[in-house]
2 protein chains.
Amino acid sequence: MIRTVPALKENSVKDNNDMPGHLARRFQQIAVAVFLAEVGDAGFDLTPVQYAALATIKANPGLDQVTLAGLIAYDRTTITGVIDRLVQKGLIERRASPRDRRARELEITDEGRRALRKITPAVEAAQRIMLRGLSAKEGEELMRLLRKAIAAGNELSRAPLRE
Amino acid sequence: MIRTVPALKENSVKDNNDMPGHLARRFQQIAVAVFLAEVGDAGFDLTPVQYAALATIKANPGLDQVTLAGLIAYDRTTITGVIDRLVQKGLIERRASPRDRRARELEITDEGRRALRKITPAVEAAQRIMLRGLSAKEGEELMRLLRKAIAAGNELSRAPLRE
DNA sequence: CGATATTGCTCAGTATGCTGACTATCAGTA
DNA sequence: TACTGATAGTCAGCATACTGAGCAATATCG
């Protein structure tokens with residue numbers, strides 16, 4: 001820190017804190033950090049998207065990658081790498097679909113099931129920690145407003161949610 | 001889409017939509033897409049972090065990279081690359097500080113100033129669009145709750161806000 | 001003053017996330 | 001059946017973001 005720099009202006013055109021986009025990024029940044037810390041402390045090396053993919057594959061055995069991507073709102077090009085790493089870790093299996101030779105069927109392994117079970121408490125703790133500044137009522141309201149804003153903007157990103 | 005996949009279970013352990021972390025990522029995903037679309041339509045090729053850095057450099061001439069990183073809550077290792085690209089585009093200048101030879105002083109160029117001026121309406125439009133599902137009152141409430149949650153979690157990420 | 005700790009910055013490595021392009025395959029239709 | 005369009009997946013390229021390490025320079029303290 002350079003001590004002799006002039007005092008910061010307080011009247012920027014628009015304060016960062018007034019920008020929904022900035023707040024969105026900050027909240028997400030904290031959410032990811034908390035997730036990785038909690039899951040790491042529990043002894044696992046899983047990222048948020050890897051967890052989401054694993055849980056969704058468990059709940060929908062045999063689904064293909066595009067469907068998976070739609071269910072968790074990730075781009076299919078991103079999912080390719082995520083799946084690679086989950087396979088690498090032995091948590092899922094990827095095999096050609098007998099019905100559609102373009103598609104790959106995804107299946108959770110026993111090890112994946114075990115990891116998911118052990119990791120869930122850490123994931124839930126992370127969700128609480130990232131809302132720790134809010135009352136229960138405020139946390140609910142934040143989630144309601146986020147869901148509403150997201151629903152209205154669903155089609156605006158390349159990877160909309162597909163149910 | 002494989003048509004013969006079994007119907008999706010509705011009773012996952014925890015629906016994605018109930019996870020604050022998932023909602024945070026989705027909202028941020030939409031926010032970035034909207035930002036890039038609006039700014040791109042205005043004829044500019046600037047990312048959200050590049051815009052934030054540019055605006056902050058303009059408001060605080062001569063600041064160093066670590067201070068900049070703290071003001072917009074980015075990791076200093078990320079800022080290095082962002083600054084590289086802003087310099088590359090001719091929007092800012094980076095020069096050695098005469099007071100601290102470790103530090104680099106950042107200054108906006110005339111071209112950077114012009115770009116910032118022309119781009120601001122698009123940035124403001126983007127902020128409105130990402131909240132388009134909410135009433136004005138709800139948008140305010142969402143921002144208040146985000147600010148509150150972020151303040152409580154500020155120190156939980158590697159790149160906390162430093163004012 | 002000199003040893004030590006701290007700070008500013010960069011880099012290598014990894015993982016998201018995106019755009020755009022491409023291949024292989026499937027589906028619908030003339 | 002042959003043609004055309006759509007779809008599943010991958011890839012190259014780029015830009016965040018992070019961890020951890022390292023270098024150079026500054027600050028601190030005995």
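Chain identifiers are assigned alphabetically (A, B, ...) following the order of the sequence lines, protein sequences preceding nucleic acid strands; residue numbering begins at 1 within each chain. Worth saying up front: this structure is predicted, and the values here are computed from it rather than measured.
For B:E107, the side-chain hydrogen bond (donor to acceptor under 3.5 Å, both in side chains) partners two or more places apart in sequence, or in a different chain, are B:R95. For B:K148, the side-chain hydrogen bond (donor to acceptor under 3.5 Å, both in side chains) partners are A:E138, not counting sequence neighbours. Judged as a side-chain hydrogen bond (donor to acceptor under 3.5 Å, both in side chains), and not counting sequence neighbours, the contacts of B:R26 are A:N154, B:Q29. Under the rule for a salt bridge (Lys or Arg N to Asp or Glu O under 4.0 Å), the partners of B:E141 that lie at least two apart in sequence or sit in another chain are B:R144. The side-chain hydrogen bond (donor to acceptor under 3.5 Å, both in side chains) test applied to B:R158 returns B:D75, not counting sequence neighbours.
Between the CG atom of A:L106 and the P atom of D:dG9 there is a distance of 7 Å, rounded to whole Å. For the pair B:R26 CZ and C:dT16 P, the computed distance is 18 Å after rounding to whole Å. Going from atom CG of B:D100 over to atom C1' of C:dT6 covers 12 Å, rounded to whole Å. Whole-Å rounding puts the A:Q88 CD to C:dA15 C1' distance at 14 Å. C:dT10 atom P lies 11 Å from atom CG of B:D64, rounded to whole Å.
A donor-acceptor contact under 3.5 Å is formed by the side chain of B:R102 with the base of C:dT7.
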Assign a letter to each nucleotide of nucleotides 10-18 of chain D from its 5' end: B, base within under 4.0 Å of a protein heavy atom; S, sugar-phosphate only; -, no contact. BB---SSBB
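Between the side chain of A:Q65 and the backbone N or O of A:T80, no donor-acceptor pair lies under 3.5 Å.
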